[in-house]
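Read the structure below first, then the notes.
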Amino acid sequence: MARFLLTRLGLALITLFLLSVLVFAAAEIFPGDVASKILGPTADARAIAALNTELGLDTPALSRYLHFIGGFFRGDLGVSYTYRTPVGPLLLDAILNSLKLAAVALLIVVPLAIGGGIVAALRQGTLVDRTITSLGLAAMVVPEFVSGIVVLLVFAVWLNVLPVTATAPPGSGLLTQVKYLILPTIPLVFVLFGYIARVTRAGAVEVLGSDYVRTATLKGLPRRTVIRRHVLRNALPPTVTVVATQIGYLFGGLVVIEILFNYRGIGLLIFNAARGKDFPLLESCVLVIGILYLTVTLLADLAYSLLNPRIRLGSTT
Amino acid sequence: MSAPAHPAPMPVTAASSGGRSLLRSLVRSPAVVVGSLVVAFWVFCAVAGELIAPRDPFTVEPIAGLLPPSGDHLFGTDSLGRDVFSRVLLGARDILTVAPLATLLGVVAGTALGLLMGYRRGLVDAVTGRLVDAVLALPTVVVALMALTAFGPSNQTVILVIGFVFSPYVARTVRTAVLAERELEYVQAARVRGEGSLYIMFVEILPNVAPLVLVEASVRLGYAIFAVATLSFIGFGIQPPSPDWGLSIFESYGLINGGFWWPTLFPAMAIASLVISVNLVADGISEALER
Amino acid sequence: MSTLEQDAVPTLAVRDLDVAYTVKGRQRTVLRGLSFDIAAGQTYGLVGESGCGKSTAAMAIVRHLAANARVRNGAIRLNDVDVLGMNREQLRRMRALDVSMVYQEPGRALNPSMPIADQLGEVFVLAGRSREQARADSRTILTRVQISSPDRVLDAYPHQLSGGMQQRVVIAMALATNPSLLILDEPTTALDATVGAEVLDIVAGLSRELGTSVLLIAHNLALVRQMCDRVGVLYAGVLVDEGPAQQVFEDPRHPYTAGLLQCIPGPQHQKHTARLVAIPGALPAPDDPAVGCLYSPRCALADDHCRTEEPPAFDLGGRHSRCFHHERAGEVGEPDEQSAGTPPPVVDYDAEPVMVLDHASKTYGRGEHAFHALNDVSLSLWRGETLGVVGESGSGKTTLAHLAMGLAPPDPGANLTVDGQRVRHSRGQRDLAEARAIQIVFQNPDAALNRRHAVRRIIGRSIAKLAGLRGAALRERLGQLGRDFKLGPQHMAMRPLRLSGGLKQRVAIARAFAGEPTVVLCDEPTSALDVSVQASILNLLVDLQVNQGVAYLFVSHDLAVVQYMSDRIVVMYLGQVMEVGPAARVVDGPHHPYTEVLLSAVPTMDGRPAQRVHLRGDPPDSRHPPTGCPFQNRCPRKIGAICEEELPALRVLDEGHSVRCHLPEGELPRAGAAAPARPQVAPPRSARLAKQER
Amino acid sequence: GSGSTSTKPSATAAAQQGGTLRVGISAPTSPIDPVTAGNQGSIAMFLPIGEYLLQAKPDLSIEPALAESWSPNDDGSVWTVKLRKGVTFQDGSPMTAKDVAATFDRLADPNGGSIALSVFKGILNKGGTTATDDQTVTFQLEAPVGNFPYLISSDNYSAVILPADYNGEYEKSGFPGTGRWKMDSYDANRGATFVRNEKYWDSSSMAPLDSIQFSFFADEQPALLALQGGQIDVVNQISVQNARAVLDNPAYNIISTPSAAARVLHLRTDEGPWKDKRVRQAFALSVDRSSIVEGLMLGRADLGNDSPFAPIFPSTDTSVPQRAKDLAQAKQLLSDAGVGGGFKTTLNVINQLEIPSYAVLIQNGAKEVGINLDVILQDPGTYYGSAQFGSSPWLDSTAGITDYGHRSVPNVYLTAQLASQGVWNSAHIKDPKLDGLISDYIAAVEPATQTKTAGAIQTLLLEETPLIYSYFFNFLAVSTDKVVGIVPNASGQLFLSLAALTA
Ligand SMILES: Nc1ncnc2c1ncn2[C@@H]1O[C@H](COP(=O)(O)OP(=O)(O)OP(=O)(O)O)[C@@H](O)[C@H]1O
Ligand SMILES: Nc1ncnc2c1ncn2[C@@H]1O[C@H](COP(=O)(O)OP(=O)(O)OP(=O)(O)O)[C@@H](O)[C@H]1O
Ligand SMILES: [Mg+2]
Ligand SMILES: [Mg+2]
């Protein structure tokens with residue numbers, strides 16, 4: 001196990017390096033000039049020049065990159081060009097928000113989708129099955145900003161039962177925060193349900209056809225027991241990995257949701273950083289997301305091998 | 001001892017009957033028939049929408065903006081007074097070029113990658129795997145902005161972006177399948193015959209993971225359409241005045257809370273109908289292939 | 001069918017059972033009017049070719065048919081209770097208490113993600129025991145299936161157990177609640193002969209002890225003969241021949257039964273002396289509209305009567321047959337085309353061997369994970385010779401083949417020559433000549449043929465690559481191969497899936513012969529096939545040898561087949577050659593104790609229960625072979641310390657016959673020493689074997 | 001003119017004391033610093049704190065604020081401003097001429113990254129402002145400027161008076177200013193809270209509200225939804241398209257201010273398809289301005305006449321004929337120019353607000369006269385590029401639509417957009433006659449002279465058509481009907497100092 005973790009760590013580092021280079025290249029080719037973005041296009045050339053010098057943007061790109069990376073590993077994420085404040089706090093705040101949102105979304109969608117997938121598998125080929133899969137698909141393709149707007153209008157404006165913005169007033173308790181996060185998660189649930197349910201269904205269908213489920217049934221176990229003890233556990237591993245691969249989207253890809261629900265998450269931060277050509281901010285965001293993503297996938301793999309004794313214990317036959 | 005990167009949305013299907021009997025079994029499934037009809041309809045619209053569109057979807061009439069659905073505007077008009085019905089009909093054109101092409105790009109690239117990673121394993125797998133991870137962790141926005149800057153805003157850019165973002169997902173799925181396939185004896189048989197790696201990957205193994213790829217593609221197509229719309233939302237997508245569905249939704253979703261639902265609803269329904277039908281067909285095919 | 005009624009209520013009574021599957025809207029009848037009884041404590045055998053409906057019958061009895069299956073009519077009574085009429089709960093109780101089932105792949109029958117303790121305990125908990133009791137009970141039942149270390153097994157996950165162990169666990173699970181009926185669907189097909197034999201011994205013992213009725217499904221006739229009191233021969237869903245095992249096998253009353261019996265090479269048959277007789281044709285497709293006797297198309301005795309009218313079940317006193325000519329059934333002579341082949345010439349051992357493999361070792365893994373799949377194996381192959389390779393699973397047979405094929409590079413020091421030419425070890429480096437010289441036929445045609453390519457393409461490509469032909473020449477050769485291997489144009493167009501198992505294997509063989517090879521490695525070419533098909537494949541191989549003088553390395557763990565095919569036999573154990581020598585010598589002995597064990601595991605066609613030579617200990621862990629002689633920890637004839645200390649040399653007994661054992665020649669076992677004497681040729685069979693003077 | 005006393009709250013009878021006003025506004029995209037900040041969000045963060053020498057009203061008249069009076073020398077090159085007595089900063093220290101001088105020196109300092117540099121370019125340099133005594137400041141201009149007071153008024157949002165010792169760290173130095181509101185809390189991510197400045201120098205007109213709460217929004221849509229959902233009382237700024245949802249809803253007040261802000265379409269006069277002025281005129285004639293104003297802007301805009309002279313400018317010469325759609329003449333001009341068969345070219349468009357739709361309308365019109373426009377939408381970053389000639393679609397494209405904010409005098413537009421050396425001269429027009437007229441206009445102190453020169457410029461621009469101004473839009477803000485006393489200005493800022501809530 002230790003060796004496994006070490007190799008994974010090594011690989012992760014490589015990935016992060018590649019990532020940082022990618023982003024650096026990106027930030028370099030992004031359009032426009034940092035200062036003129038900050039001061040606006042109508043600002044005077046002299047002012048722009050002055051600001052660029054102040055931000056140290058007149059030093060060569062590579063040295064800026066190295067300087068940043070050096071700092072990053074010392075835990076110093078540098079200073080944001082646009083906000084002119086240390087990246088650390090900005091990022092932390094955004095990450096926490098994104099984590100909250102992702103957590104709530106997953107808490108809702110995962111059980112829902114798994115349940116749906118299993119039911120569909122049990123009722124394979126029936127109307128129930130088709131309905132679940134088709135609805136899943138339909139929901140999956142409704143753009144977030146459409147479903148978002150609709151739920152906003154219905155629940156926040158017309159019924160006025162839930163808040164419009166996702167950001168809870170500072171210092172509010174867990175429940176209130178969750179209450180604020182319900183609306184924005186609905187579109188996410190829409191997006192994710194279809195896919196996760198689909199994978200779960202596939203896994204379950206396979207397991208249901210397996211010899212050992214037949215054995216269990218022929219043992220005379222009640223259906224419920226068969227599903228609980230024999231089907232679920234073996235059907236889940238694929239789902240676990242799929243959920244993990246969605247993390248990238250859940251952290252980095254929620255720009256639309258965050259704009260719509262005026263939620264200060266990392267997606268929006270990245271979006272603005274990218275448009276503002278705010279290299280330190282952008283690079284930090286992406287790297288942090290990368291770390292999160294890799295950690296989660298690693299955890300997923302561990303979970304996967306926990307569910308799979310064959311992988312966990314290796315073969316001794 | 002690592003978990004399969006990205007499990008198949010459906011188990012790899014074992015075998016296939018001949019083409020004709022495949023068709024026969026397809027025609028027998030109502031879901032497939034309905035699906036293909038809808039897809040066919042949209043394809044027709046994309047190709048020859050002008051023939052059935054009652055009005056020119058591009059002529060604006062600002063004074064006649066946001067008329068609710070009525071006799072002479074079946075789906076009403078949008079904020080610039082363009083006929084929503086005609087726009088929905090012709091809206092199929094861009095999506096049916098961009099989304100499938102993007103998906104194709106992603107699936108082709110991803111499949112090639114997956115085959116390589118799965119068949120060659122070892123170092124190739126490790127290195128490519130890292131890259132794939134990196135891309136997976138890279139937020140789409142950043143990719144989009146990069147591409148946008150590098151190639152300027154255009155359908156090609158959109159295709160490129162989505163294809164690029166999708167390929168790693170496909171790659172992972174295919175890889176897992178290939179890892180299993182390569183252990184089968186027909187692969188050894190090919191090596192015994194003296195076939196090269198490329199031949200084995202693309203002529204021997206590929207056809208056997210095709211059903212899986214197909215299913216993946218259908219799911220991806222759904223996301224592609226979705227992604228196109230979302231890119232439009234942040235201004236990187238298909239460009240006005242295209243009647244593209246996603247774009248139309250983006251242009252008019254803000255009006256919903258003014259009670260102007262029609263310019264958003266109808267394109268949204270169009271998208272849904274297309275994607276669901278595509279998936280119905282794909283499911284049908286892969287089921288038929290399983291038999 | 002008065003005789004079927006017995007005074008005591010039978011444990012299982014099946015009456016006029018019709019089962020059909022709906023496929024793509026069409027109904028395929030797979031069981032037609034199936035009727036039989038299993039009396040209490042009786043063991044009933046159900047035999048028949050693959051696809052004839054055996055498993056369907058079994059599943060119908062436990063009411064666990066596939067979703068698309070329908071019981072058209074008929075009745076099933078278990079302990080005089082109507083099974084088909086049961087509601088969900090009753091059914092569940094029946095499964096829990098009265099009937100259990102064991103099937104082919106023990107590995108798949110066990111939940112991979114659950115320790116054995118839980119899976120086994122479940123059964124007892126269901127029967128109302130507490131968790132602790134459950135574990136205790138599990139221990140006891142495991143000991144009853146002769147598992148020496150029950151606790152280790154209880155805490156293990158399935159994949160940590162050997163196939164034999166797994167199957168024992170499954171059986172333990174099945175017998176846990178002491179059911180009145182135990183259904184075994186090909187319980188040993190997936191296991192090694194030795195292991196399988198042990199498992200069946202256990203079942204026989206327990207069922208006798210508990211008075212359990214057993215329904216044994218198998219297509220190994222000998223095995224059924226040995227285990228069962230009664231047998232039913234199923235053909236295309238119809239029970240064509242039914243009665244006491246001994247009668248049915250010794251005096252078959254249906255041409256099909258007779259045919260099946262002829263297919264099996266008996267211990268005393270050899271390709272030089274006797275030619276096998278295959279049943280022509282194949283099972284009718286389940287959905288073809290059958291008129292008259294379903295077997296008539298393949299039957300030598302068939303006349304218009306058979307083709308027009310469906311034969312009833314003739315009552316022959318305690319047994320019945322569905323053949324109008326049941327009294328003549330015994331006389332089925334072999335169809336003419338069979339006699340065609342001339343016997344292969346005797347091998348000329350004075351000539352240079354065509355293939356020589358020297359000091360071939362194969363080590364997988366590195367460091368502490370390293371283990372030797374093959375240990376310094378050297379062997380030669382002469383023109384037109386068949387060298388049989390036997391040994392249980394994991395003994396290195398396939399590895400050997402792969403080495404010769406260049407599919408896996410051997411450890412340094414190995415040396416391979418064909419026709420005196422040194423052949424490079426990696427397939428990648430071999431030139432056309434080297435490549436075409438050695439070809440291989442894999443075990444499982446389903447896996448070995450690309451399921452997405454049409455037969456024409458599969459064979460054509462090999463011709464192009466190995467014979468280097470193109471265009472017209474290629475088509476020419478393709479046609480020729482088609483003729484040689486009885487593959488019609490219609491087959492050429494199909495994909496493997498639509499071919500029967502036999503045809504698939506023909507295609508695989510045709511592919512191997514595309515480049516007119518000198519040596520063909522056959523890795524269990526028939527283990528995936530039915531006996532009837534196996535016969536025709538074996539005949540085909542023999543014919544090819546006659547016509548092309550090709551040499552075979554023939555890998556199999558079916559001794560009977562190896563015996564029939566081989567001029568010489570190599571016995572392998574854990575990557576070591578334990579014995580090599582002329583077939584007859586190896587079989588008759590004096591031979592290696594391991595060879596003795598293998599032989600004794602082969603079920604015989606005479607009724608007598610085999611006096612099996614039992615192995616000691618657990619199956620070997622190939623990763624950690626014992627010191628000294630690899631076989632010592634299981635050897636029934638172990639001498640003592642010396643066996644554990646030094647690896648015996650491959651000792652030459654007489655020309656071409658060597659044994660790797662410390663035992664002095666005198667004490668080496670011989671056929672008949674412990675195992676029963678080589679069985680006499682059963683009269684009805686010998687008459688029907690083509691004699692060939694030499 | 002000469003000063004009167006400070007503004008009184010325009011509060012209606014129902015207005016009540018106290019309460020909290022909740023305002024939704026676009027998030028600041030730069031640090032809060034009056035010197036460098038140029039975006040709505042950041043500006044709104046110092047408007048309540050700071051005050052200006054002069055206050056420009058929505059009708060572009062000017063009132064004294066911190067200044068009591070102001071007067072030019074006879075050619076308008078030197079301006080003297082007398083300051084109000086007794087004005088104190090929020091920390092209690094008095095505001096003197098030194099502070100004022102320092103403030104404008106800072107804004108004119110070429111190395112301070114000042115956003116106002118472009119405003120003062122060629123007009124006021126560092127050192128040009130001097131404190132003659134505690135209450136008097138003189139501005140020594142580079143050239144005569146008749147409209148100079150606007151540049152030191154609230155219309156030049158950067159010009160809030162800051163202490164002399166201000167070091168550029170607005171947040172760190174505790175948000176200094178002389179205004180009615182003190183910064184209470186500020187979170188760049190969420191919003192800000194202001195509380196009444198109890199020590200305001202003019203105790204006769206304290207802020208009626210207890211506090212103002214700003215929440216930052218990334219987009220107008222959610223802000224509007226928040227308004228409808230009752231979570232905020234005011235949306236600081238909103239496009240007419242988004243406002244559509246509440247436009248005719250009595251529960252909301254639409255605060256609509258005519259401005260000189262416009263979506264300016266430039267045509268390269270030096271090269272490319274638009275070189276020939278007849279082609280440019282034809283294009284301008286293909287635009288259906290009235291239907292754009294009615295349909296696209298729902299009437300909340302003024303017709304433009306292809307010059308920066310918006311109707312709201314007092315100096316604008318209204319006698320110059322309005323250009324209107326005339327396809328016949330357009331086609332004629334095109335064939336005269338030898339492109340009667342029409343042609344194809346590209347139009348770079350900044351992707352903001354209603355501009356893409358505007359582009360579509362333009363495109364449609366142009367098609368009618370055979371000009372096929374290939375619209376290229378670009379996000380602001382791409383469009384402005386480095387904002388330098390040679391590396392900016394904005395300045396280099398053959399034709400492009402740009403978003404220009406409001407200025408209370410056209411000076412900057414004239415000098416920057418149309419003067420030969422103009423830094424925003426994306427039309428690349430180099431016309432000595434025009435240059436001359438521009439400097440005349442700027443120097444003119446008398447309204448009459450201003451109008452006369454303006455007329456000349458307008459006519460010349462109609463002839464040359466380097467730019468197409470088809471409409472000047474109104475800045476819109478929305479509030480619930482509970483809010484009173486909001487004073488908007490034509491650059492889209494809301495002055496909330498005296499806002500109040502009704503019962
Ligand atoms: N679920 C199913 N749907 C359709 N046809 C089926 C199904 N299951 C079995 N069959 C067909 O029914 C026939 C009998 O199948 P069955 O498995 O009972 O044969 P079998 O004697 O057990 O064969 P084997 O010896 O290979 O196990 C075969 O032709 C098979 O193709
Ligand atoms: N690629 C491999 N990596 C590691 N071990 C292997 C590999 N291939 C085979 N082995 C091991 O080598 C030993 C011999 O395998 P091999 O397949 O040659 O046995 P076999 O006699 O063919 O068995 P069977 O009768 O089941 O086919 C087995 O223990 C197997 O687990
Ligand atoms: Mg079976
Ligand atoms: Mg093998």
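Just so we're on the same page: letters track the sequence lines, and every chain starts at 1.
- Counting heavy-atom pairs closer than 4.5 Å to chain A, the top residue among Ala188(D), Ala218(D), Ala387(D), Gly191(D) is Ala218(D).
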Legend entry - Test log, rule ring-ring contact (aromatic ring centres under 6.0 Å, His included), inputs Tyr157(D) and Phe46(D): CA-CA 9 Å; Tyr157(D) 50 75; Phe46(D) 60 74; 7.3 Å; no
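- Interface residue Asn97(A): only side-chain heavy atoms are found under 4.5 Å from chain D.
- Remark: the Thr193(D) side chain and the Ser211(D) side chain contain no N/O donor-acceptor pair separated by less than 3.5 Å.
- With chain A as partner, the option from Leu225(D), Thr402(D), Ile115(D) having the largest number of non-hydrogen pairs under 4.5 angstrom is Leu225(D).
- Contact annotation for residues 68-75 of chain A against chain D (heavy-atom separation below 4.5 Å): no residues qualify.
- Put simply, the side chain of Asp219(D) never gets that close to the backbone of Pro222(D): no donor and acceptor are under 3.5 Å apart.
- Considering CD1 of Ile48(A) and CG of Leu57(A), their distance stands at 12.5 Å, rounded to 0.5 Å.
- Looking at Asn272(A) and Thr29(D), their side chains never bring a donor and an acceptor atom within 3.5 Å of each other.
- By the 30° and 60° cut-offs, the orientation of the rings of Trp394(D) relative to Trp424(D) is tilted.
- With a 4.5 Å cut-off on non-hydrogen atoms, Leu268(A) touches chain D through its side chain but not through its backbone.
- With salt bridges taken as basic N to acidic carboxylate O contacts below 4.0 Å, one links Asp233(D) and Arg22(D).
- Side-chain N/O atoms of His266(D) and Ser426(D) include a donor and acceptor closer than 3.5 Å.
- Aromatic ring orientation, Phe175(D) versus Tyr186(D): perpendicular (interplanar angle above 60°, classes split at 30° and 60°).
- Considering only heavy-atom pairs separated by less than 4.5 Å from chain A, the leading option among Gln388(D), Arg190(D), Gln378(D) is Arg190(D).
- Among Pro110(D), Gly229(D), Ser118(D), the residue with the largest count of heavy-atom pairs under 4.5 Å with chain A is Pro110(D).
- For chain A, the nearby part of Ser114(D) is the backbone; its heavy atoms alone come within less than 4.5 Å.
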